[in-house]
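Reviewing the structure listed below.
So you know, we letter chains A, B, ... as the sequences are listed, proteins then strands, and number each from 1. Here the structure is a predicted model, which is why all the values come from computation and not from measurement.
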There are 2 protein chains.
Amino acid sequence: MSITSDLIRGHTDTIVLSQLMSGDSYGYEINKVVAERTGGVFELKEATLYTAFRRLESAHLIESYWGDEQTGARRRYYRITPNGREAYKRLLNEWQIAKSILETLIHVKESRT
Amino acid sequence: MSITSDLIRGHTDTIVLSQLMSGDSYGYEINKVVAERTGGVFELKEATLYTAFRRLESAHLIESYWGDEQTGARRRYYRITPNGREAYKRLLNEWQIAKSILETLIHVKESRT
DNA sequence: GTAGTTACTTCGCCTGTCAAAGTATATTTT
DNA sequence: AAAATATACTTTGACAGGCGAAGTAACTAC
């Protein structure tokens, strides 16, 4: 696991849902977009991403369908469901909470005496 | 696992080191301070905390010694080492990076076309 | 023809979290 | 005095998410 990736751990679902909020997409593309948007600093590992797809689909937060590409490798597209949109909002909110908890806890307070 | 705790996951070491930056402390106390500082919203589970102590100690980021209480239960105190202080700074920095990566990735961008 | 890119899938290991149960001492309540 | 509560630490075992590795398959470029 790279330096940052275990800090991002737990946010994979949020990242994927966020990408799908902008429109249907597929694994390989999401992977690239994520890498691009972070300037290559962060990337979702393939196995991690496809694990997330399966997890999200069985939770009915996303749905999948095969693309009808005439050429190139087949693509499995994912679409966010209404449930997924709600979950996304909830996750965004949880992130705000987690962030504030962390900011509170990881900065040094004055020495106790 | 509670809602927020898997988002905090991975930051336990940082939280513990941060507490020890303010002075030596022991498990039970750190647990209470963490709960207090977050207004009871978040708490480290005992098993998680003591697991973290063992992990940090074997990485030489903290050291332990028994307190000399005349009364009450014995306490195992922890002290942050110079290595630990460096690690803490590094972890703080990684948090900044992780935070900016997440802020970049979890907010919806304009629809692609 | 073979090396590289696009694209998805499965397997199995690793790590961190945590519920649960246990040990031990001191204090408070009944 | 017995029981309950608080302080304080420890171990065990299970679970979930991340991910390295290896594989499948089709197309593209040299």
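- At least one side-chain nitrogen or oxygen of B:Tyr50 sits closer than 4.0 Å to the OP1 or OP2 atom of D:dC9.
- If you check every strand for non-hydrogen atoms under 4.0 Å, A:Thr48 touches a base.
- Side-chain proximity of B:Arg76 to the nucleotides C:dT9, C:dT10, D:dT10 is greatest for D:dT10.
- The minimum heavy-atom distance linking B:Arg37 with A:Thr104 is given by the pair NH2-O, 2.6 Å.
- By the salt bridge (charged side-chain N to carboxylate O under 4.0 Å, His left out) test, A:Glu46 is found to be paired with no residue, residues two or more places apart in sequence or in another chain being considered.
- Within the 4.0 Å cut-off from OP1 or OP2 of D:dC19, at least one side-chain nitrogen or oxygen of A:Ser5 is found.
- Under 4.0 angstrom from either OP1 or OP2 of D:dC9 there lies no side-chain N or O belonging to B:Tyr28.
- Salt bridge annotation for A:Arg75-A:Glu29: absent, with no cationic side-chain nitrogen under 4.0 angstrom from a carboxylate oxygen.
- Nucleic acid contact for A:Thr12: sugar-phosphate only, since backbone atoms but no base atoms lie under 4.0 Å from a heavy atom of the residue.
- In this structure, B:Tyr78 has its ring center under 6.0 Å from that of B:Phe53.
- Comparing A:Thr51 and A:Gly72 against DNA chain C, the residue whose closest nucleotide sits nearer the 5' end is A:Gly72.
- A:Leu56 and A:Tyr50 fall within the same hydrophobic cluster, defined by Ile, Leu, Val, Met, Phe, Trp and Tyr side-chain heavy atoms under 4.5 Å apart, directly or through other members.
- Under the salt bridge (charged side-chain N to carboxylate O under 4.0 Å, His left out) criterion, B:Lys89 pairs with no residue at all, not counting sequence neighbours.
- Fit an axis to the five pairs at each end of the helix from C:dG1-D:dC30 to C:dT30-D:dA1 and the two axes sit 10° apart, to the nearest 10 degrees.
- A close approach under 4.0 Å does occur between a side-chain nitrogen or oxygen of A:Arg75 and OP1 or OP2 of C:dA7.
- A donor-acceptor contact under 3.5 Å is not formed by the side chain of B:Glu46 with the base of C:dC18.
- Close to D:dG18, at under 4.0 Å from its OP1 or OP2, lies a side-chain N or O of A:Arg55.
- Under a 4.0 Å N-O distance rule, the pair B:Arg90/B:Glu94 qualifies as a salt bridge.
- Residue B:Tyr26 has no polar side-chain atom (N or O) positioned under 4.0 Å from OP1 or OP2 of D:dC9.
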